[in-house]
Amino acid sequence: MEVRDLHPWPGTTEEATAIQDRLRPLLDLDSPGPAAPRTVAGLDVSYAGDGGDAEARLAAAAVVLDAATLEVVEESVAVGTAAFPYVPGLFAFRELPALVEALRALKTAPDVLVCDGYGVAHPRRFGLACHLGVLTDLPSFGIAKTPFVGTYERPGEERGSTSPLRDGGEVVGRVLRTRTGVKPVFVSAGHRISLDAACRLTLALTPEYRLPETTRRADRLSRDALAAAPRGT
DNA sequence: GCGACAG
DNA sequence: ATCTTGTCGC
């Protein structure tokens with residue numbers, strides 16, 4: 001599938017934040033999103049050794065699932081190097097090159113992108129899910145495992161319970177319980193999809209575990225790819 | 001100024 | 001993200 005180019009690439013944190021500020025106006029945060037997506041792509045990245053280092057070896061995976069049956073439709077992996085040091089708020093720049101490479105290798109574009117991290121629930125309202133949304137122009141949202149920005153109340157214990165994630169006086173996401181009695185996940189819209197649609201899809205993708213099948217499948221694929229490529233393949 | 005801080 | 005033992009529970 002087609003993905004917009006990444007240049008200019010930032011060399012400093014100042015340049016990186018400038019890029020986020022320049023791309024943010026391109027976001028579509030009003031579209032409701034696909035009513036019934038046929039395919040959904042899960043994205044995730046695994047690291048070798050200390051994943052906090054700059055230039056750490058990594059593998060990015062994109063796994064496309066049939067939204068109805070959750071069966072794998074297509075897979076893609078790209079082994080590479082962390083393209084930026086880990087800086088909260090600039091996290092996307094670490095994995096973007098490898099993720100884009102994995103996406104470009106897909107034969108057909110999925111209907112939605114499910115990212116491992118945040119969308120607009122970000123200091124400058126431009127997390128990884130927003131960035132990938134703009135680069136692909138596909139509906140995209142993020143599912144994070146731990147809090148980042150904003151405040152929230154603990155949602156009910158039942159699967160499906162939610163509570164708004166607020167930051168700076170606005171709702172930037174939703175804390176969603178995907179499994180009864182299990183720690184919730186943090187969902188935020190990225191591009192061309194509503195928070196409601198993102199949460200509905202998240203529940204549809206989590207029939208058994210806390211994390212969606214999309215990210216679980218991508219996590220395993222990226223991990224296996226790293227193990228299978230001891231050097232640079 | 002001092003912590004906190006997606007993965 | 002990754003490094004790790006034991007432990008509680010279905």
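Computed over heavy atoms, backbone and side chain alike; hydrogens, waters and symmetry mates excluded. Convention: sequence-line order gives letters A, B, ...; per-chain numbering from 1.
We find that CG of A:Leu211 is positioned 14 Å from C1' of C:dA1, with the value rounded to whole Å.
A donor-acceptor pair shorter than 3.5 Å can be found between the side chains of A:Asp137 and A:His191. For the residue pair A:Ser222/A:Ser46, the side-chain donor-acceptor check at 3.5 Å is satisfied. Between the side chains of A:Ser76 and A:Arg104, no donor-acceptor pair of N or O atoms lies under 3.5 Å.
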Would you tabulate the nitrogen or oxygen pairs shorter than 3.5 Å linking the protein to nucleotides 5-7 of chain B?
from: B:dA6; atom 1: OP2; to: A:Tyr86; atom 2: OH; distance (Å): 2.8
from: B:dA6; atom 1: N7; to: A:Gly89; atom 2: N; distance (Å): 3.3
from: B:dA6; atom 1: N6; to: A:Gly89; atom 2: O; distance (Å): 3.2
from: B:dA6; atom 1: N6; to: A:Phe91; atom 2: N; distance (Å): 3.3
from: B:dA6; atom 1: N6; to: A:His122; atom 2: NE2; distance (Å): 3.4
from: B:dA6; atom 1: N1; to: A:Leu128; atom 2: N; distance (Å): 3.3
from: B:dA6; atom 1: N3; to: A:Tyr118; atom 2: N; distance (Å): 3.2
from: B:dG7; atom 1: OP1; to: A:Lys145; atom 2: N; distance (Å): 2.8
from: B:dG7; atom 1: OP2; to: A:Thr146; atom 2: OG1; distance (Å): 2.7
from: B:dG7; atom 1: O3'; to: A:Asp116; atom 2: OD2; distance (Å): 3.2
from: B:dG7; atom 1: N2; to: A:Gly51; atom 2: O; distance (Å): 3.0

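Between A:Arg200 and A:Asp196 there is no salt bridge, since none of the side-chain N atoms of the basic residue sits less than 4.0 Å from a carboxylate O of the acidic one. A salt bridge does not link A:Lys107 to A:Glu74: none of the charged side-chain nitrogens sits closer than 4.0 Å to a carboxylate oxygen.
Side-chain atoms of A:Arg125 do not come within 3.5 Å of backbone N or O of A:Arg24 as any donor-acceptor pair.
Residues A:Phe186 and A:Tyr152 place their aromatic rings such that the two centres sit under 6.0 Å apart.
With a 3.5 Å limit on both pairing distances and Watson-Crick or G-U wobble geometry required, DNA chain C contains no stem of 3 or more pairs.
Classified by interplanar angle (parallel below 30°, tilted 30° to 60°, perpendicular above 60°), the ring pair A:Phe91/A:Tyr86 is perpendicular.
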